[in-house]
Amino acid sequence: KLNPFPEHFLWGSASAAYQIEGAWNEDGKGPSVWDIYTEIPGKTYKGTSGKIAVDHYHRYKEDVALMAEMGLKTYRFSVSWPRIYPEGTGKVNEAGLQFYDNLINELLAHGIEPVLTLYHWDVPQALQEKYGAWESREIIEDFNEYCITLYKRFGDRVKYWVSLNEQNHNTNLAFMQALHPPGVRDRKRFYEANHIMFLANAKVIDSFRKYVPDGKIGPSFAYTPSYPATSSPKDMLAFENAEEFTSYWWLDVYCRGTYPSIPYRHLKSMGLAPTFEEGDQELLLKGKPDFVGVNYYQTITYEHNPLDGVSFGKMNNTGKKGSNEATGIPGLYKTADNPHVEKSNWDWAIDPIGLRIGMRRITSRYNLPIFITENGLGEFDKLEEDGQIHDAYRIAYLESHIRQCKEAMMDGVELIGYCSWSFTDLLSWLNGYQKRYGFVYVNQDEEEDKDLRRIKKDSFYWYQDVIKTNGEN
Ligand code: BGP
């Protein structure tokens with residue numbers, strides 16, 4: 001039987017600075033918007049923050065040693081912008097750069113290919129206060145300055161780069177669901193901030209070509225391929241609307257440099273189309289990526305939404321099954337239940353075939369390589385009496401998704417790597433530490449026993465074998 005995974009396939013795992021590092025005010029780091037936002041009562045689950053997180057900042061050597069023991073080929077992490085620029089711009093914090101230097105060297109010494117994410121949501125608080133972060137065009141230059149600093153410092157050793165992590169999900173939570181900073185519900189601000197992020201994305205990709213000409217860069221998109229709830233023409237139309245508004249709005253701008261025309265015209269008539277200035281279109285065309293980073297967790301199903309129908313809805317952030325509420329745009333689409341797929345305790349559809357379908361859609365529309373930069377299952381894990389974590393459900397989830405990657409590759413999808421989310425357990429932005437994703441358990445269950453010690457879960461040994469056999473089994 002032919003194994004479609006090439007010899008140097010990038011088997012990996014991913015993380016993000018705010019969710020693992022801790023050391024939030026050490027060695028000259030400035031606060032990020034998240035350090036401040038989590039202090040507002042009721043914003044996150046039990047007010048949990050990443051101020052200590054899993055203390056990766058101090059334990060990175062131990063964590064990399066575990067990665068090496070597992071045989072990981074690649075590791076995706078993000079750089080904390082306020083660790084490098086405590087004020088967001090201007091003075092560079094050398095100690096911050098030093099930390100990532102050490103981490104990158106440690107990875108390379110163990111034969112692990114680093115994948116560096118430039119922005120994974122922890123924008124410097126100083127820029128939020130100065131001009132409202134992503135709501136001002138001023139951020140484009142500041143972000144570019146920060147990225148160039150990283151290109152110059154790490155471009156000789158880091159080959160794979162992710163520009164923006166999940167711009168779509170981040171802005172949806174920030175401006176529609178009121179769950180990420182600045183925490184509002186305002187469609188106009190949502191589309192304007194997205195436009196500024198598109199420009200910033202194109203700008204830093206354009207700079208990348210100059211500073212890291214041999215490297216590869218792309219954004220990571222939170223991709224939730226969708227289905228129609230039924231074959232009724234109204235639901236089919238709603239599904240197509242949703243695809244345009246929730247996927248192609250981002251993917252087209254990234255990969256083609258232009259907004260998709262159908263949603264653009266709709267938004268224009270609703271007074272919601274983003275404001276274009278001179279030079280914007282030219283800049284967007286310069287942002288073409290080398291690959292599409294896909295963060296895949298689930299599919300979503302859509303149905304017809306009457307004009308006076310559902311608007312913003314509500315997300316399950318508790319792990320209480322069934323607490324999701326439908327969301328949508330009146331007149332266009334709304335989310336619906338899919339009875340054909342199982343759901344996690346957070347109501348996320350478990351749908352490995354959806355990953356294959358999504359990758360095929362990206363391939364046929366853009367014909368670009370795909371890098372799965374996140375895929376995983378968040379669940380309550382239990383430290384058993386035998387001192388182990390038997391996460392068979394996670395193994396089943398990952399195994400079925402990797403199988404569909406194989407199928408997708410045989411369908412003609414060019415897949416360059418697969419990163420599970422996540423390597424160690426880490427902070428879930430809104431769900432605290434109870435929603436776990438890692439191969440390595442981090443002990444912070446009981447208040448009195450938060451020693452943060454690392455314990456390998458059953459899935460650790462399983463993934464070790466997947467890598468050893470290059471996905472053969
Ligand atoms: C993605 C983010 C990650 C991570 C993951 C799991 O959206 O890029 O940072 O958090 O989802 O999400 P959650 O922690 O909400 O379950």
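Every number for a ligand or one of its atoms is a count from 1 in the order of the listing.
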Listed once per pair and sorted, the salt bridge (charged side-chain N to carboxylate O under 4.0 Å, His left out) pairs that draw on residues 176-191, sequence neighbours left out: E135-R189, K188-E192

Among F175, W249, F245, F198, ring-ring contact (aromatic ring centres under 6.0 Å, His included) partner for Y191: W249

Every residue of the protein that comes under 4.0 Å of ligand 1, judged on heavy atoms: Q19, H120, W121, N165, E166, H169, N295, Y297, W348, E374, W421, S428, W429, N431, K435, Y437

Pair N170-W134, side-chain donor/acceptor within less than 3.5 Å: no

Side-chain donor-acceptor contact under 3.5 Å, W81 with D122: no

Any donor-acceptor N or O pair under 3.5 Å, side chains E106, N102: no

Between S420 and S13: side-chain donor-acceptor atoms closer than 3.5 Å: yes

